[in-house]
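Here the structure is a predicted model, which is why all the values come from computation and not from measurement. Atoms within each ligand, like the ligands themselves, are counted from 1 in listed order.
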Amino acid sequence: MYKSENRMTAWFIGIAMVALFIGGSMGPLQKLEHVGINWYPALSRLGVGSVRISTYYQGLTAHGVLNALVWTTFFIVGFFTYAIPRSLNKPLTHRRVNQIALIMMIVGLVMAAIPILTGLASVLYTFYPPMKANVFFYLGLVLVVVGSWVAGWGFYLTYWRWRKDNPGEKTPFIALASIITMVMWQIATLGVAVEILFLIIPWVLGWTDGTDPQLARTFFWFTGHPLVYFWLLPAYVSWYGMLPKQAGGKLFSEQLARLVFWLFLVLSIPVGFHHQFVDPGVPAGWKAIHAVLTYALFLPSMLTAFTVVASLEVGGRARGGTGLLGWIPKLPWGNPSYAAQNLAMILFVFGGIGGLTNASYNLNLAVHNTAWVPGHFHLTVGSAVTLTFMGVAYWLVPAISGKQLFSRRMGLWQAWTWFVGMLLMSNGLHILGLNFGAPRRSALGAAPYVDPSWNPMQIEAAIGGIILGISGLLFFGNILATALSRKRVETPVEMPIAEPLHPEYGTPAWLDNWRPWLVTTILLILVAYGPVLVSMISNINLTSPGAVIR
Ligand code: HAS
C-alpha cells in the first residue's frame with residue numbers, strides 16, 4: 001500500500017545519513033585542531049582535483065551545512081513522508097508532488113555542496129554577509145528549502161483529501177503535529193528566502209555594489225530560530241506519538257500534546273532577536289519583546305517534559321515498575337531505539353537550561369559568540385534531535401527495508417557512547433565559553449591568545465569529540481550492515497502509534513482548528529517584526545562590499 005512512500009523515505013533518509021557521515025566526520029578534526037593537532041593539510045591531500053577540504057573554516061562550513069541543514073531537513077521530510085500517510089491511514093494523494101520535492105532537494109544539495117567542497121563557500125552554515133560565497137551555494141540552499149515546501153504541499157493535499165473524506169473526525173495526532181511543523185517551517189523560511197533572493201544574490205552577482213549585513217542578519221534569524229524548532233518538533237512527534245508505545249505505555253494527555261504543537265506554531269518565529277542581542281542596529285525595546293516571547297516559548301517545552309515523562313511512567317508501571325522511581329529501570333533500556341531517544345531527552349534537559357541562559361539579555365552578553373553556544377546546540381540539535389533521529393532510524397530502517405537491525409548491542413553502544421561523548425564535549429565547551437570567554441568558530445590551534453588554563457577543558461572536549469566520532473561510526477556501520485544484510489524481519493515492522501491514556505476525554509474542537517492559530521501566528525509576527533523591519537528597510541544601507549574567505 002505504501003510502496004512509493006517507502007521508496008521516497010529511503011531516499012530522503014539515505015541522503016540524510018550520508019550527509020551526517022561526511023559532515024559529522026569533520027567534528028573530531030575540529031576538536032583536534034583546537035588542541036593543536038591540525039589534520040587539514042593531510043586531509044587536503046586526499047582530494048581529487050579542486051574537490052578537497054583544506055582548511056578549518058571550509059571543514060566547519062561542511063560540518064554545519066551538512067549536519068544542521070541537510071541531515072535534519074532530509075531526515076525530517078523523509079520521516080514525515082513515512083509517518084503522515086500511516087497516521088492518516090491514507091497513501092499520499094499526489095505522489096508526483098512529493099517526488100518532485102525529492103528531486104529538487106537533491107539538485108539543490110549538489111548545487112550547494114560543490115562550492116563548499118571546492119572551497120568557494122567557506123561562509124559557515126549561517127552565511128552572514130559580508131562573507132561572500134559562490135552564487136550556486138545560495139541557489140542550492142534555496143532549492144533545498146523550496147523542495148521542502150513542495151514536500152509540504154504534497155502533505156497538505158493528502159491531508160485536505162483526508163478531511164474531505166472524514167468530515168467531523170479529529171485529525172490523528174501524528175499527522176496533525178507533523179503538518180503543523182511543516183506549516184511553521186514554510187512561514188519561517190520566508191525570512192531567509194527574502195534574504196537570499198533580494199539581498200544576497202543580487203550582491204553576489206554584482207547587480208548591487210554592496211549589501212546590508214544588519215538587515216540580512218535580521219531576515220536570517222527570522223528563519224534561524226524557528227529552524228531550531230523545525231529540527232526539534234519531529235523529535236517531539238516521536239517522543240509524544242511513538243515512544244510511549246515503544247515503552248509499553250500510553251500518551252498521558254493528547255490534549256496537552258496538541259496544545260504544545262499549536263504553541264510552537266505561534267511562538268517559534270517572533271523570537272529571532274535573541275540571536276541578535278549584541279547587534280547594534282536592533283533597538284533595545286525590540287530585543288526585550290523577543291526576550292519575553294522566548295521565555296513564553298519555554299512553556300511548551302516544560303509541558304513536553306511533564307507529558308512525555310508522565311507517558312513513560314505509565315509505560316514503566318505497566319511493565320511492573322513500582323515506587324517513586326522504580327518504573328525507570330523497567331523501561332525498555334535494552335531496545336536501542338528506545339534507549340537512544342530517552343538518552344536524547346536527558347541531554348535535552350541540560351541543553352534547555354543553557355538555552356534559557358542564552359535567552360537572558362545580560363547573561364547572553366557573557367556567552368554570546370563563545371564556545372558556550374556550540375556547547376548548547378550540541379545538546380539540542382546534536383543530541384535531543386540527532387540522537388532521537390538515530391533512535392527512530394533503528395525501527396524505521398528495518399520498517400522500510402524489511403531487514404532486521406544488524407546488531408541491537410551495537411545500537412546500544414552507539415546510544416551510550418553518544419551520551420557520554422556529548423556530556424564530555426558539551427561540558428568542556430560550556431566551561432570554555434563561560435569561564436574563559438573562549439571564542440566559538442575559531443581555529444584555536446593557531447590562535448596566539450589561547451591560555452594554558454584552557455587546556456583541561458579543551459582536552460575534555462576533544463576526548464568527547466573523538467568518542468562521538470566512534471559513536472557515529474557505530475551508527476553508520478549498523479545501518480549499512482542492516483541495509484546490506486539478508487536477514488529479513490519475521491513480521492513486518494509497523495510504525496509505533498501511542499494511544500491516548502484517556503480517549504474518553506476527547507479533543508476540544510479548538511485543538512483541531514487551524515484558523516485561530518494561524519491568525520494569531522501571523523498577528524504576532526507582524527507585531528514583533530513589522531515595525532522594526534519597516535524601519536530597517538526604509539533605512540537600508542547597501543554599502544558593505546563583501547569579503548571572500550578561503
Ligand atoms: Fe538555542 C543559540 C535560546 C532550544 C539550537 N540554539 C542556538 C544555536 C543553535 C541552537 C544551533 O536565547 C546557535 C545558532 C548560531 O549558530 O548562532 N534555545 C534557546 C532557548 C531554547 C533553545 C530558550 N536551541 C534550542 C533547540 C535547538 C537549539 C531545541 C535545536 C534543536 N539558543 C537560544 C539563544 C541562542 C541560541 C538565546 C543565541 C545564543 C547566542 O548568543 O548566539 C529553549 O527552547 C529550550 C527549552 C527546553 C527545555 C528542556 C525541556 C526538556 C525536555 C526533556 C524532558 C525529559 C526528561 C528526561 C526530564 C527547557 C522536554 C526523563 C528521563 C527519564 C529517565 C524518564
Determine whether Leu263 and Leu259 make a side-chain contact, defined as any pair of heavy atoms from C-beta on separated by less than 4.5 Å. yes
Walk me through it: do Phe475 and Phe21 pass the test ring pair (Phe, Tyr, Trp, His ring centres under 6.0 Å)? CA-CA 9 Å; Phe475 176 69; Phe21 183 65; over 10 Å; no
Contacting atoms of ligand 1, where contact means under 4.0 angstrom from a heavy atom of Leu232: 29 (C)
Which atoms of ligand 1 have any heavy atom of Tyr125 under 4.0 Å away? 11 (C), 14 (C), 15 (C), 16 (O)
Would you mind running through ligand 1 and noting each atom that sits below 4.0 Å from a heavy atom of Ser301? 46 (C), 47 (C), 48 (C), 50 (C), 60 (C)
Passes ring pair (Phe, Tyr, Trp, His ring centres under 6.0 Å), Phe273 versus Trp286? Steps please. CA-CA 8 Å; Phe273 286 145; Trp286 293 99; 7.5 Å; no
Tyr82 ring center within less than 6.0 Å of Phe12 ring center: no
When you compare ligand 1 with Asn364, is there at least one nitrogen or oxygen pair between them that comes in under 3.5 angstrom? yes
Among all protein heavy atoms, pick the one closest to atom 52 (C) of ligand 1 and tell me residue, atom and distance. Phe348 CD2, 3.5 Å
Heavy-atom neighbours of Trp333 CH2 exceed 12 at 6.0 Å: yes
So how far is it from Ser337 OG to Asn342 CG, rounded to the nearest 0.5 Å? 11.0 Å
N/O donor-acceptor pair under 3.5 Å between Glu33 side chain and Leu444 backbone: yes
Which residue holds the protein heavy atom closest to atom 38 (C) of ligand 1, what is that atom called, and what is the gap in Å? His275 ND1, 3.6 Å
What are the protein N, O or S atoms, given as residue plus atom name, that sit under 2.8 Å from atom 1 (Fe) of ligand 1? His376 NE2
Distance-only donor-acceptor check, side chains Thr386 and Trp71, under 3.5 Å: yes
State whether the shortest distance between N or O atoms of Tyr229 and N or O atoms of ligand 1 falls below 3.5 angstrom. yes
Nearest 0.5 Å please: distance from the CG atom of Asn427 over to the CD atom of Glu460. 4.5 Å
Quick check: closest heavy atoms across Phe79 and Pro234, and the distance to 0.1 Å? CE2-O, 3.6 Å
In terms of residue, atom name and distance, what is the protein heavy atom nearest to atom 48 (C) of ligand 1? Gly352 CA, 3.5 Å
What residue and heavy atom of the protein are closest to atom 59 (C) of ligand 1, and at what distance? Phe298 CE1, 3.3 Å
At a non-hydrogen distance cut-off of under 4.0 Å, which region of Thr294 contacts ligand 1 (side chain, backbone, both, or neither)? side chain
Nearest-neighbour protein heavy atom for atom 53 (C) of ligand 1, which is reported as residue plus atom name and distance: Met345 O, 3.7 Å
Near Trp221, which atoms of ligand 1 are under 4.0 Å from a heavy atom of that residue? 14 (C), 15 (C), 17 (O)
When you check the side-chain N and O atoms of Arg258 and Ser253, is any donor under 3.5 Å from an acceptor? no
Is Val349 in polar range of ligand 1, meaning some N or O pair under 3.5 Å apart? no
Would His378 and Ser426 count as having a side-chain donor-acceptor pair, cut-off 3.5 Å? no
Pick one of side chain, backbone, both or neither for how Val381 approaches ligand 1, counting any non-hydrogen atom pair under 4.0 Å. both
Strictly by modelled atom types, are Asn435 and Trp454 linked by a side-chain donor-acceptor pair under 3.5 Å? no
Which of the ligand 1 atoms, numbered from 1, are nearer than 4.0 Å to a heavy atom of Val309: 56 (C), 58 (C), 61 (C)
Number the atoms of ligand 1 from 1 as they appear, then name those within less than 4.0 Å of a heavy atom of Ala305, with their elements. 52 (C), 54 (C), 60 (C)
Do Tyr56 and His34 meet the criterion of a side-chain donor-acceptor pair at a distance under 3.5 Å? yes
Residue-level breakdown please: for Phe277 versus ligand 1, do any non-hydrogen atoms fall below 4.0 Å on the side chain, on the backbone, on both, or on neither? neither
Quick one, Trp262 and Met184 - any side-chain contact, counting heavy atoms below 4.5 Å? no
Using a 3.5 Å cut-off on N or O atoms only, is Arg440 in polar contact with ligand 1? yes
Tell me which part of Trp231 gets within contact of ligand 1: side chain, backbone, both or neither, using heavy atoms under 4.0 Å. side chain
Val367, portion touching ligand 1 at heavy-atom distance under 4.0 Å: neither
Consider ligand 1: state whether an atom of it lies below 4.0 angstrom from any non-hydrogen atom of Leu297. no
With heavy-atom distances below 4.0 Å as the criterion, list the atoms of ligand 1 near Val385. 31 (C)
Rounded distance (nearest 0.5 Å) linking atom OH of Tyr338 with atom CG of Leu412: 13.0 Å
For atom 62 (C) of ligand 1, what is the nearest protein heavy atom, given as residue, atom name and distance? Asn342 OD1, 3.5 Å
Rounding to 0.5 Å, atoms CH2 (Trp231) and CZ (Phe377) come to a distance of 8.0 Å
Find all atoms of ligand 1 within a distance of less than 4.0 Å from any non-hydrogen atom belonging to Ala359, and give their numbers and elements. 12 (O), 37 (C)
With distance as the sole criterion, is a donor-acceptor pair present between the side chains of Ser301 and Tyr236 under 3.5 Å? yes
Pick whichever of His274, His378, His368 has a heavy atom sitting closest to atom 41 (O) of ligand 1. His368
